[in-house]
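Data block below; observations after.
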Amino acid sequence: VPETRLKKLTYYFPFTKSEYDSDKAFDFRLSFRQRYGVKETEFLVGAVGTVSERKGIDLFIETCEKVITHNPLMKFIWIGSFESDKQESGLRNFIKEKQLDSNLIFTGGLSYDIYNFSPLDVFFLSSKEDTYPLVVLEAAIMKVPTICFSGSGGIIEFINNEVGWSINDFSTVDAAK
């Protein structure tokens with residue numbers, strides 16, 4: 001690629017490791033879980049982003065279904081807005097039909113807060129394509145490991161540095177394990 005076609009992307013990451021406050025993270029964790037009815041003893045798997053096919057909402061739901069078959073105390077939560085009211089209604093009905101509504105929570109859009117990741121026990125990047133998702137870095141700074149699919153994009157190099165696990169072939173069976 002000719003150098004003239006390349007440009008550096010300067011991402012804004014409004015938080016540094018030195019700013020991490022474990023007391024604030026713990027307080028946020030407790031209040032968030034209380035707000036969404038998740039007990040501290042329940043394991044919480046989370047995703048962040050617009051609810052969409054590209055972000056792998058179908059893979060997230062499939063994985064949730066497989067996990068709670070073996071452990072009904074597991075909870076899944078998606079932090080982010082729906083693409084439309086029609087999509088939201090359809091997904092909520094689908095989840096109710098599958099009897100996942102007590103284990104799968106949608107928060108809708110939330111105000112940005114780096115501590116939004118602190119209530120999670122694991123972050124599940126279910127994206128089918130995501131070139132370099134900053135949300136994985138945000139989860140890592142909150143000490144939350146990530147599970148992702150190896151074919152989804154450029155975060156694998158970071159994940160394989162002992163901050164999570166990558167799953168081959170978009171396998172929801174392996175993700176559930």
Side-chain angles (χ1 to χ4, degrees), residues 9 11-17 19-21 24-38 40 42-65 67-68 74-85 87-88 91-92 94-95 100-101 103-159 161 163-167 170 172 175-176:
L9 299 176
Y11 294 109
Y12 175 64
F13 195 69
F15 195 84
T16 63
K17 186 177 178 181
E19 294 174 299
Y20 175 78
D21 181 332
K24 187 171 181 181
F26 182 76
D27 291 343
F28 191 98
R29 176 183 175 92
L30 291 178
S31 67
F32 183 96
R33 283 173 166 253
Q34 184 178 36
R35 182 176 353 144
Y36 293 103
V38 179
E40 188 55 32
E42 294 174 315
F43 194 89
L44 185 59
V45 177
V48 175
T50 302
V51 180
S52 69
E53 279 295 311
R54 186 178 149 271
K55 295 289 185 182
I57 185 59
D58 55 332
L59 301 173
F60 190 79
I61 293 169
E62 276 182 46
T63 302
C64 173
E65 186 174 25
V67 166
I68 67 166
M74 297 276 289
K75 300 284 185 180
F76 283 67
I77 194 163
W78 191 292
I79 301 170
S81 300
F82 290 91
E83 292 180 307
S84 68
D85 292 340
Q87 178 210 32
E88 179 178 3
L91 275 175
R92 288 192 187 277
F94 178 72
I95 288 162
L100 301 174
D101 48 332
N103 295 82
L104 181 53
I105 303 158
F106 290 98
T107 67
L110 298 179
S111 297
Y112 176 80
D113 192 318
I114 190 69
Y115 291 102
N116 281 342
F117 289 87
S118 62
L120 308 179
D121 294 302
V122 71
F123 177 63
F124 181 21
L125 181 72
S126 57
S127 295
K128 296 174 181 175
E129 58 174 298
D130 220 326
T131 53
Y132 199 82
L134 295 177
V135 289
V136 174
L137 303 178
E138 292 178 81
I141 207 163
M142 287 296 120
K143 303 176 182 182
V144 176
T146 295
I147 296 174
C148 69
F149 295 111
S150 60
S152 67
I155 200 68
I156 301 307
E157 293 80 8
F158 181 77
I159 294 294
N161 285 329
V163 297
W165 306 268
S166 62
I167 307 298
F170 296 97
T172 57

I'd like to know whether Ile95 forms a side-chain contact (heavy atoms from CB on, under 4.5 Å) with Arg92, so could you lay out the CA-CA distance, the side-chain angles of the two residues, the decisive distance to 0.1 Å, and finally the verdict. CA-CA 5 Å; Ile95 288 162; Arg92 288 192 187 277; 5.8 Å; no

Verdict with reasoning, Phe106 to Tyr36, per ring-ring contact (aromatic ring centres under 6.0 Å, His included): CA-CA 9 Å; Phe106 290 98; Tyr36 293 103; over 10 Å; no

side-chain contact (heavy atoms from CB on, under 4.5 Å) evaluation trace for Ile155 with Leu125: CA-CA 10 Å; Ile155 200 68; Leu125 181 72; 4.0 Å; yes

For the pair Asp58 and Lys128, evaluate side-chain contact (heavy atoms from CB on, under 4.5 Å) and give the outcome as yes or no after the intermediate values. CA-CA 10 Å; Asp58 55 332; Lys128 296 174 181 175; 2.9 Å; yes

Step by step, would you call Val45 with Thr63 a side-chain contact (heavy atoms from CB on, under 4.5 Å)? CA-CA 10 Å; Val45 177; Thr63 302; over 6 Å; no

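Taking the six-membered ring for Trp and thresholds of 30 and 60 degrees, Phe60 and Phe76 have ring planes more than 60 degrees apart, a perpendicular arrangement. The aromatic rings of Phe32 and Phe28 lie parallel to each other, with less than 30° between the two planes, well short of the 60° mark.
Summarising the local packing, CZ of Phe26 is surrounded by 12 or fewer heavy atoms from other residues, nucleotides or ligands at distances under 6.0 Å.
Considering CD of Gln87 and CD1 of Ile57, their distance stands at 7.5 Å, rounded to 0.5 Å. Interatomic distance, CG of Asp101 versus CZ of Phe94, reported as 12.5 Å (0.5 Å rounding). In this structure, the separation between CZ on Phe170 and OG on Ser150 is 7.0 Å, given to the nearest 0.5 Å. Atom CD1 of residue Ile105 and atom CH2 of residue Trp78 lie 14.0 Å apart, to the nearest 0.5 angstrom.
Applying the ring pair (Phe, Tyr, Trp, His ring centres under 6.0 Å) test to Phe123 and every residue at least two apart in sequence or in another chain returns Phe117.
Shown here for Ser152 and Ser127, the closest heavy-atom pair between the two residues is CB-O, 3.1 Å. Scanning both residues, Tyr115 and Asp21, for their nearest heavy atoms gives OH-N, 3.0 Å. What you find for Glu40 and Leu30 is that their closest heavy atoms are OE1-CD2, 3.7 Å. The heavy-atom pair separating Ile68 from Met74 by the smallest distance is CG2-O, 3.8 Å. Of all the heavy atoms in Ser166 and Ile156, the pair that sits closest is CB-CD1, 4.0 Å. Of all the heavy atoms in Cys64 and Leu104, the pair that sits closest is SG-CB, 4.2 Å.
A salt bridge is defined here as a Lys NZ or Arg NE, NH1 or NH2 lying under 4.0 Å from an Asp or Glu carboxylate O, and Asp121 with Arg29 meets this definition.
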Please table the atom pairs, donor to acceptor, closer than 3.5 Å between any side-chain atom in residues 140-148 and protein atoms at least two apart or in another chain.
none

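Between the Asp130 side chain and the Lys55 main chain, no donor and acceptor come within less than 3.5 Å of each other. Checked by atom type and distance alone, the side chain of Arg33 never pairs as donor or acceptor with a backbone atom of Val38 at under 3.5 Å. The backbone N or O of Ile159 lies less than 3.5 Å from no partner atom in the side chain of Trp165, so there is not a single donor-acceptor pair.
Of the options Ile79, Ile77, Leu110, Asn116, a side-chain contact (heavy atoms from CB on, under 4.5 Å) to Val48 is made by Ile79 and by none of the others.
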